[in-house]
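Just so it is clear, the model here is predicted, and its values are computed rather than measured. By convention in this document, chain letters (A, B, ...) are assigned in the order of the sequence lines, proteins followed by strands, and residues within each chain are numbered from 1.
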2 protein chains.
Amino acid sequence: MDVLAEETDSKLKWLSGFGKDSEGGVTRLLYTKEWVEGQNALKEWMESEGLEARFDEVGNLYGTLKGKNTEETILTGSHVDTVKNGGRFDGAYGVVAGIIALKYLKKHFGEPVRNIEVVSMAEEEGSRFPYSFWGSKNIVGIAKREDVEIIKDFNGVPFVEAMRNAGFDFRDESKGSRKDLKAFVEVHVEQGSVLETEKIDIGVVNNIVGQRRYTIELTGEANHAGTTPMGYRKDAMFAASHMIHEIISMAIEIGDPLVTTVGKVEAVPNIVNVVPGKAIFTIDVRHTDKDAILSFTEKMTARMQEISKDHGVEMNIDLWMDEDPVPMDQRVVNLIEKQCKENGFNYKVMHSGAGHDSQIYAPVVPTAMLFVPSLKGISHNPAEFTEPADLAEGVKALIGALYELGYKE
Amino acid sequence: MDVLAEETDSKLKWLSGFGKDSEGGVTRLLYTKEWVEGQNALKEWMESEGLEARFDEVGNLYGTLKGKNTEETILTGSHVDTVKNGGRFDGAYGVVAGIIALKYLKKHFGEPVRNIEVVSMAEEEGSRFPYSFWGSKNIVGIAKREDVEIIKDFNGVPFVEAMRNAGFDFRDESKGSRKDLKAFVEVHVEQGSVLETEKIDIGVVNNIVGQRRYTIELTGEANHAGTTPMGYRKDAMFAASHMIHEIISMAIEIGDPLVTTVGKVEAVPNIVNVVPGKAIFTIDVRHTDKDAILSFTEKMTARMQEISKDHGVEMNIDLWMDEDPVPMDQRVVNLIEKQCKENGFNYKVMHSGAGHDSQIYAPVVPTAMLFVPSLKGISHNPAEFTEPADLAEGVKALIGALYELGYKE
């Protein structure tokens with residue numbers, strides 16, 4: 001096995017030891033013992049590779065390869081926290097790949113023109129507290145103290161208490177974003193099956209999708225399944241099935257990069273011999289283009305209104321998430337693509353259908369991402385897997401990108 | 001208010017005092033304290049009206065108006081048990097109407113040609129133990145000791161223990177059905193909205209529907225809602241929505257008396273941003289004609305097979321209930337209809353979409369039923385309601401039927 005492949009894979013296994021759970025997965029939630037131990041171990045590793053390592057106020061961990069110009073920094077990395085019973089790749093891969101890339105660059109090219117830094121970010125998943133992107137939001141200065149002061153974890157532990165017990169505290173909000181950041185490149189597992197299916201090694205991400213999430217509640221009339229003739233019914237589930245079938249058919253018709261999912265469905269009272277009086281379902285719509293999301297969701301809600309009218313059921317539409325697409329920086333994307341071409345990587349330019357720290361950086365810092373394949377697209381699960389050879393390709397592409405960004409005037 | 005209306009309504013209110021629950025309903029489950037007190041109170045009432053009252057081995061309570069020929073009995077009545085948090089009409093009305101009818105017949109016509117008896121049956125609902133029709137099945141000799149010896153209630157109390165604590169025991173199975181029964185007429189609230197909607201006072205039931213119940217399990221692939229293009233999905237909920245919409249549309253097309261209900265629906269893992277890997281739903285199909293049930297369910301399963309194939313999902317079909325329709329006795333139905341005509345009742349001949357004790361009697365004893373309207377078809381709920389005037393019409397129709405059956409040679 002390729003040296004980089006072996007090193008990346010073995011370091012990921014090592015890191016997964018911090019938070020290994022009883023169900024064969026990794027549970028390393030923000031500010032827990034496992035998290036603290038994992039971050040401290042990463043700090044030691046960074047130092048042993050000759051990087052200058054330090055925590056910021058909230059617990060983001062940095063390892064710096066100092067450049068001639070120390071006022072400019074090229075940043076790479078990802079998040080160290082996991083979901084509950086997650087895998088060993090999501091987030092962790094971006095941190096491990098970053099450290100290995102910096103070690104390689106230091107060894108082969110010495111001091112860069114500007115700082116190159118790897119970050120192991122405190123939090124991205126929102127799995128312990130109802131708050132996501134705590135790490136990256138602090139780095140770019142958009143985290144707000146008041147947003148976490150009132151939140152608690154699933155055991156009732158306040159966010160602030162957990163943070164202080166882990167040895168960290170609030171960052172001074174008046175400082176805003178870190179001013180030295182000239183670029184951010186995150187490498188991550190795809191969490192989808194596009195690369196695997198199309199037998200491509202590297203995804204160069206040019207856009208992170210926007211998304212809208214809805215909850216639809218239909219109210220008809222609960223009735224006895226035996227004594228209520230079909231003509232007397234207001235069957236909320238019948239109406240819901242009609243809508244779900246049409247919405248998803250419409251999305252298939254329109255095609256990539258639009259995706260639409262009805263993931264959660266509930267019938268009320270949910271009893272075999274009662275006609276459902278209520279049906280509740282969610283819709284998740286994503287696209288790389290904001291206008292395309294607007295145009296699809298407008299058509300979708302108009303059609304649902306017609307269907308609810310035809311079925312004689314009341315409909316309530318709750319749009320509870322509405323996030324715009326986040327384009328990556330075209331200059332950084334071009335530069336990465338150029339590298340991939342020159343180094344003969346088997347790559348494709350693609351969008352990300354999932355959210356990542358990069359979407360927090362992109363409005364402030366020129367940002368791009370690299371993807372490597374995920375086996376069957378599985379993520380947030382102990383079965384998450386990427387072949388060591390694919391991990392190595394990602395590290396190599398990252399090395400190329402960081403060289404371009406960090407070693408050229 | 002009409003005397004019969006007032007008496008029926010006030011006796012139903014009185015009976016609902018046995019088992020009045022904290023949520024404003026009636027909970028009078030088999031062999032509980034409330035049930036024992038209710039049956040004992042009914043026995044006293046029967047005796048105070050000059051009926052000969054007695055319990056059988058399992059706790060069915062009878063009140064007999066003795067006839068000249070004591071070897072033949074015309075039976076009426078219904079069940080005294082309720083569902084949890086039920087109403088005051090289901091079952092109870094048939095018992096109360098029977099006692100009032102016998103009192104009326106005794107007062108106005110004296111001794112009948114043969115015995116006329118009212119029964120307050122021990123159990124029909126299956127709400128305490130996973131067993132239904134314990135009362136009627138004992139009367140017609142098809143209850144089996146081994147079927148209840150292993151069952152327990154939701155608190156772990158064994159059936160046999162509950163029965164013995166209430167003062168009852170098994171009936172000798174070798175005795176078979178009661179031999180003296182010449183007819184059974186049950187009066188019941190409709191539990192549907194046909195009579196109310198069509199402004200009809202009395203339903204003369206000529207058939208109890210057969211029913212099939214299925215659980216359908218579809219297996220596709222759970223995937224990330226953002227990173228899985230539409231073309232790469234095997235969305236079990238999309239397939240389920242297609243099936244549900246088509247099945248119910250087919251049933252509407254075919255029309256009365258076919259009814260088809262998808263009451264229970266589950267998506268797995270049921271998370272907003274995960275394409276459902278599994279979808280599970282139930283189908284309840286009812287019709288008065290067995291061949292019609294067979295022909296519909298055949299068409300239905302064939303269509304589901306096509307749809308599952310088109311969607312690339314695996315389907316498992318579990319048929320876990322298959323009950324034939326139970327026709328009522330045509331002679332008794334005709335006789336009741338004749339009475340309704342002669343007495344100027346506003347009636348219609350109809351089927352029952354719900355199960356009743358009558359379906360247990362019908363294969364052994366000439367049986368028919370009478371329905372009165374249910375407000376909005378609500379049943380098994382504290383909001384169950386029938387107007388006192390409608391209750392009285394039912395009692396009058398029952399009096400007419402019992403006179404025909406019990407006083408004529």
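- Interface summary for chain A: among B:Ile283, B:Ile378, B:Ile271, B:Val262, the most heavy-atom pairs under 4.5 angstrom belong to B:Ile271.
- When all heavy atoms are compared, the tightest approach of B:Ile252 to A:Phe238 is CD1-CE2, 3.4 Å.
- For B:Leu258, the part lying under 4.5 angstrom from a heavy atom of chain A is the backbone only.
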Could you please show the donor-acceptor pairs under 3.5 angstrom between chain B and chain A, with distances rounded to 0.1 Å?
{"residue": "B:Gln191", "atom": "O", "partner": "A:Thr227", "partner atom": "OG1", "Å": "2.3"}
{"residue": "B:Glu198", "atom": "OE2", "partner": "A:Tyr232", "partner atom": "OH", "Å": "3.1"}
{"residue": "B:Thr227", "atom": "OG1", "partner": "A:Gln191", "partner atom": "O", "Å": "2.3"}
{"residue": "B:Tyr232", "atom": "OH", "partner": "A:Glu198", "partner atom": "OE2", "Å": "3.1"}
{"residue": "B:Arg233", "atom": "NH1", "partner": "A:Thr260", "partner atom": "O", "Å": "3.2"}
{"residue": "B:Arg233", "atom": "NH1", "partner": "A:Thr261", "partner atom": "OG1", "Å": "2.7"}
{"residue": "B:Arg233", "atom": "NH2", "partner": "A:Thr261", "partner atom": "OG1", "Å": "3.4"}
{"residue": "B:Ser241", "atom": "OG", "partner": "A:His245", "partner atom": "N", "Å": "3.4"}
{"residue": "B:His242", "atom": "ND1", "partner": "A:His245", "partner atom": "NE2", "Å": "3.3"}
{"residue": "B:His245", "atom": "N", "partner": "A:Ser241", "partner atom": "OG", "Å": "3.4"}
{"residue": "B:His245", "atom": "NE2", "partner": "A:His242", "partner atom": "ND1", "Å": "3.3"}
{"residue": "B:Thr260", "atom": "O", "partner": "A:Arg233", "partner atom": "NH1", "Å": "3.2"}
{"residue": "B:Thr261", "atom": "OG1", "partner": "A:Arg233", "partner atom": "NH1", "Å": "2.7"}
{"residue": "B:Thr261", "atom": "OG1", "partner": "A:Arg233", "partner atom": "NH2", "Å": "3.4"}
{"residue": "B:Val265", "atom": "N", "partner": "A:Asn270", "partner atom": "OD1", "Å": "2.9"}
{"residue": "B:Asn270", "atom": "OD1", "partner": "A:Val265", "partner atom": "N", "Å": "2.9"}

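- Both the backbone and the side chain of A:Ile248 come within less than 4.5 Å of a heavy atom in chain B.
- When the candidates A:Ile244, A:Val265, A:Val268, A:Val285 are compared by the number of heavy-atom contacts under 4.5 Å with chain B, A:Val265 comes out ahead.
- Of the listed residues (A:Gly192, A:Gly231, A:Pro269), the greatest number of heavy-atom pairs within a distance under 4.5 Å of chain B belongs to A:Gly192.
- Closest of all the heavy-atom pairs between A:Val194 and B:Pro229 is CG2-CG, 3.6 Å.
- Closest approach of B:Ala267 to A:Gly263, counting heavy atoms only: CB-O, 3.8 Å.
- Contacts between B:Val274 and chain A at a heavy-atom distance below 4.5 Å involve the backbone alone (N, CA, C, O).
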